[in-house]
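Every value quoted in this text rests on a predicted model; they were computed, and no experiment measured them.
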Amino acid sequence: MGDRTVAEWEGRQRKAAPPPGAGTSARGRVGPFLLARLRTPRRPRFWFEILLIAVSYWTYSLIRNAVPEQRAEALRNADWLWRLENHLGIAVEESVNHALNSATWLIVGMNYYYATLHFVVTLGVLVWLYRSHPGRYTAARLALFATTAVALLGYYLFPLAPPRLMNGGGFIDTVVVHQTWGSMASGDLKHMSNQYAAMPSMHIGWSLWCGLTLYALARVPWVRVLGLLYPLTTLSVIVATANHFWLDAVGGMLCLSFGFATARLWYGALPYTLPRAAGAPALLPAKV
């Protein structure tokens, strides 16, 4: 798929713009014309993107932590989810948690992985998209933002305690046991985060977004392989550290599906199928 240039799109815009004094019929076309402009991926502006991401994450954290910590309901939901997983034959979280906890070097590494890569890798992929795929950046960013926004509904509608906080669950809080800084919801940092907002898992939602983006757009084979491994590794980490159930990961995947559907509806195409260069019209067929 060839890249379209900004100059080509601006030329189309000048041709499509209604001439001055064209009358009522021309004015009637202004609305659809402006909508088409809004739905056309444009070259992102660096400082605007920095501000947008910072404000968006601050707002997300503020809303997430403002959700009332409905402890009793969250614990009931955790018991129900655990029984459901046992019924489905997929309740292996406790075995994984205990097995990996015995390998101190590994579980400590997972604690730090859980605390840091969630943010570092996501920001890194956003920066890479901004620099290398400006025409796809805004659509991919919209998918990520819509994923995160819909996750907030889950925190309100289905408060859920993580496995490590279950009553009599037998799970090990690996951060507390190994005294590592590995979770905003454990140890001394637990008062900075809503501990009962485990469904859906945004560690999975964000890591899968990163993985799919790298796999779809990276040209280096080993980077594409890392893209596939990243969400799988993250899934292992959230289970081993007793921060999430398997089904929390499913919730994160459903949120990501909503995010991609939102981007698809707005831009008329999935983010990764848009032209690489900014300024190409998203609603017109791409050149082959």
- Take L126 and L144 through the test side-chain contact (heavy atoms from CB on, under 4.5 Å) and record every step on the way to the result. CA-CA 10 Å; L126 280 169; L144 180 64; 4.1 Å; yes
- State which residues pass ring-ring contact (aromatic ring centres under 6.0 Å, His included) with H133; sequence neighbours excluded, sorted by chain then number. W128
- Query: Would N101 and H178 satisfy side-chain contact (heavy atoms from CB on, under 4.5 Å), going step by step from the backbone distance to the final call?
  - Reply: CA-CA 9 Å; N101 182 69; H178 297 282; 2.7 Å; yes
- Item | Rounded distance (nearest 0.5 Å) linking atom OG1 of T233 with atom CD1 of I238 | 11.5 Å
- With F258, which residues qualify under ring-ring contact (aromatic ring centres under 6.0 Å, His included), at least two apart? none
- Sub-4.5 Å side-chain heavy-atom contact between L81 and D248: yes
- Item | Approximate separation, where rounding is to 0.5 Å, of L88 CG and L247 CG | 7.0 Å
- Nearest heavy-atom approach of P231 to G227 is CD-O, 3.0 Å
- Treat each ILVMFWY residue as a node, draw an edge where side-chain heavy atoms are under 4.5 Å apart, and state whether V250 and L157 are in one component. no
- Message: Quick check: closest heavy atoms across A146 and G259, and the distance to 0.1 Å?
- Response: CB-CA, 3.8 Å
- Please report the closest heavy-atom contact between L75 and L165, naming both atoms and the distance. CD2-O, 3.3 Å
- Item | From CG (N243) to OG1 (T174), nearest 0.5 Å | 6.5 Å
- Side-chain donor or acceptor of H98 paired with backbone N/O of I172 under 3.5 Å: no
- Message: For M166 versus A78, what's the shortest heavy-atom pair and its separation?
- Response: CG-CB, 3.9 Å
- N97 side chain vs A240 backbone, donor-acceptor pair below 3.5 Å: yes
- To the nearest 0.5 angstrom, please state how far the OG1 atom of T234 sits from the NE2 atom of H203. 7.5 Å
- Locate the shortest heavy-atom distance separating A242 from P163; write the atom from each residue and the value. O-CD, 3.4 Å
- Side-chain (T122) to main-chain (F119) donor-acceptor, under 3.5 angstrom: no
- How many angstroms lie between OG1 in T138 and CG in L274, if you round to the nearest 0.5 Å? 7.5 Å
- Mind jotting down which residue pairs meet the side chain to side chain donor-acceptor pair (under 3.5 Å) criterion with at least one end in residues 205-216? Sequence neighbours excluded, please. T148-W206, T213-Y272
- Do L153 and F158 have side chains that get closer than 4.5 Å, going by heavy atoms? no
- Item | Any side-chain heavy-atom pair of L217 and L129 under 4.5 Å | yes
- Kindly say whether P159 contributes a backbone atom to a donor-acceptor pair with the side chain of N77 at under 3.5 angstrom? yes
- Heavy atoms of C255 and M202 approach each other most closely as CB-CE, 4.0 Å
- Answer whether the closest heavy-atom distance between the side chains of L142 and Y267 falls below 4.5 Å. yes
- Message: Let's go through L226 and W222 carefully: what are the C-alpha distance in whole Å and the side-chain angles of both, what is the deciding distance for side-chain contact (heavy atoms from CB on, under 4.5 Å) to 0.1 Å, and is it a yes or a no?
- Response: CA-CA 6 Å; L226 286 180; W222 65 264; 3.4 Å; yes
- Message: Is there a path of hydrophobic side-chain contacts, each under 4.5 Å between heavy atoms of I/L/V/M/F/W/Y residues, joining I90 to L232?
- Response: no
- Message: When you compare the side chain of P271 with that of R141, does any pair of heavy atoms fall below 4.5 Å?
- Response: no
- Query: Are F171 and V239 connected in the hydrophobic side-chain network, where two residues link if heavy atoms are under 4.5 Å apart?
  - Reply: no
- Message: Classify the ring geometry of F245 against W82: parallel below 30°, tilted from 30° to 60°, perpendicular beyond 60°.
- Response: tilted
- Query: Say you draw a straight line from CD1 of I204 to CG of L256; how long is it, rounded to the nearest 0.5 Å?
  - Reply: 10.5 Å
- Please check if the side chain of R71 supplies one atom and the backbone of A161 the other of a donor-acceptor pair under 3.5 Å. no
- Query: Is V92 linked to I107 within one hydrophobic cluster, defined over Ile, Leu, Val, Met, Phe, Trp and Tyr using a side-chain heavy-atom separation of less than 4.5 Å?
  - Reply: yes
- Item | Sidechain-backbone polar pair: E93 side chain, W246 backbone, donor-acceptor under 3.5 Å | yes
